[in-house]
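The first residue in the sequence is number 1, and the count goes up from there.
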Amino acid sequence: MKNKVYYLAFPLLAAFAMFISIWGPEALAQYKDQGILDRPHTESVEIAGEGYRYQMNSNEKLYILSCCLNSQMFPESEMSAMAHEADAEVEYQELEGSYAFVVNRRGPSGREITDEEIYATCNEGLELLKEKGILPGQVREVDASSYDVTLYSAIDVLEPRNNVAVWKMSLSNSQKNADKTNRLMDAYIDADDGRIYEFYVRTPLLWEEIDADALVAAWAEYMGLGEPQPYESDNPLLETTPYFCKYVFAGMGSGQTVVTLGFYEGINELFLKVSR
């Protein structure tokens with residue numbers, strides 16, 4: 001009797017298992033769908049590349065800019081002329097070396113200072129530099145009728161997320177015969193926060209009246225950099241003028257940025273520039 005029950009139960013169990021294996025997954029999926037479909041759900045995710053530009057600190061941005069300016073293969077005036085005449089946008093594959101300084105033909109992305117805003121931004125920067133004793137108070141404001149501006153991208157080609165957008169502001173070529181006294185001649189301005197990286201300014205000062213150490217320390221504080229260190233070199237021919245002082249700032253990794261404060265006698269032009 002027991003054997004007959006076993007014989008009858010085994011086919012029933014097998015049939016039930018087969019039924020569950022066929023119907024079970026579909027029923028379970030429908031059950032889960034009822035809790036998901038036609039209902040809003042939120043999920044927190046981490047996006048590693050969020051934002052239009054990798055965020056670098058002031059020392060890193062200055063270092064990238066210095067490397068890119070050093071990588072230019074032509075004198076700046078020729079490079080600028082070629083950039084304005086070129087019709088095609090420069091592609092990474094066409095660039096030589098690890099760093100590139102190219103015209104940003106796409107224009108501001110929406111988060112950057114626009115070409116209409118850059119003049120007011122530059123004037124605000126000049127006022128800050130005057131307040132900090134970096135520039136003399138006689139330096140005149142800039143305006144759209146007297147200055148040309150171009151947006152550039154300074155790019156680490158091997159690591160493109162390391163890039164800095166800068167506006168170059170230059171006294172217009174149409175102003176050749178204009179009075180250049182107390183005028184800004186050239187400047188590189190951060191397209192994100194408006195800080196002035198480089199400047200060439202005609203001033204009433206003489207080199208003997210300039211405290212280079214104090215001026216560069218004030219500029220470093222304005223830029224958010226660390227303390228400047230003297231650049232040690234016995235070569236007196238590092239610049240085309242005998243009136244200059246060089247300083248070193250930490251860069252990226254083991255790299256360093258050299259900042260030069262100099263003065264051209266005769267035209268009374270004070271300049272601060274960056275290099276690697």
State, with a plain yes or no, whether a side-chain heavy atom of [X] is found less than 4.5 Å away from one of [Y].
X	Y	answer
V259	L225	no
Y152	V103	yes
R202	L171	no
S170	D186	yes
V149	C122	no
V274	F249	no
L158	S98	yes
E159	M252	no

Worked check of side chain to side chain contact (heavy atoms under 4.5 Å, CB included) between Y147 and R183 = CA-CA 11 Å; Y147 287 84; R183 299 196 87 160; 3.9 Å; yes
Does any N or O in the side chain of [X] come within less than 3.5 Å of the main-chain N or O of [Y], such that one atom is a donor and the other an acceptor?
X	Y	answer
K130	V139	yes
T241	Y243	yes
N59	A250	yes
T121	G194	no
Y197	L65	no
D156	R161	no
R195	M223	yes
W219	I196	yes
E60	N57	yes

Residues E269 and K180 bridged, charged N to O under 4.0 Å = no
Could you walk me through whether Y200 and K273 pass the side chain to side chain contact (heavy atoms under 4.5 Å, CB included) test, one step at a time?
-> CA-CA 8 Å; Y200 290 76; K273 67 176 184 177; 3.6 Å; yes
Could you tell me whether E221 atom CD has more than 12 heavy atoms of other residues or ligands within 6.0 Å of it?
-> no
For F271, which of Y264, W207, F244 qualifies under ring pair (Phe, Tyr, Trp, His ring centres under 6.0 Å)?
->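 Among Y264, W207, F244, the one meeting ring pair (Phe, Tyr, Trp, His ring centres under 6.0 Å) with F271 is Y264.
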Going by distance alone, is a donor N or O of one side chain under 3.5 Å from an acceptor N or O of the other, for N268 and T203?
-> no
Shortest non-hydrogen contact from [X] toward [Y]:
X	Y	result
F101	A154	CD1-CB, 3.9 Å
P204	N182	CD-OD1, 3.1 Å
A100	V157	CB-CG2, 3.9 Å

Treat each ILVMFWY residue as a node, draw an edge where side-chain heavy atoms are under 4.5 Å apart, and state whether L206 and L261 are in one component.
-> no
Hey, mind stepping through L238 and T260 against side chain to side chain contact (heavy atoms under 4.5 Å, CB included) and telling me if it holds?
-> CA-CA 10 Å; L238 292 174; T260 303; over 6 Å; no
To the nearest 0.5 Å, what is the distance between [atom1] ([X]) and [atom2] ([Y])?
X	Y	atom1	atom2	result
L128	L135	CG	CG	10.5 Å
I189	W167	CD1	CH2	9.5 Å
E209	F263	CD	CZ	8.5 Å
M169	L184	CE	CG	7.5 Å

Side chain to side chain contact (heavy atoms under 4.5 Å, CB included) evaluation trace for L272 with F199 | CA-CA 5 Å; L272 186 148; F199 59 77; 3.7 Å; yes
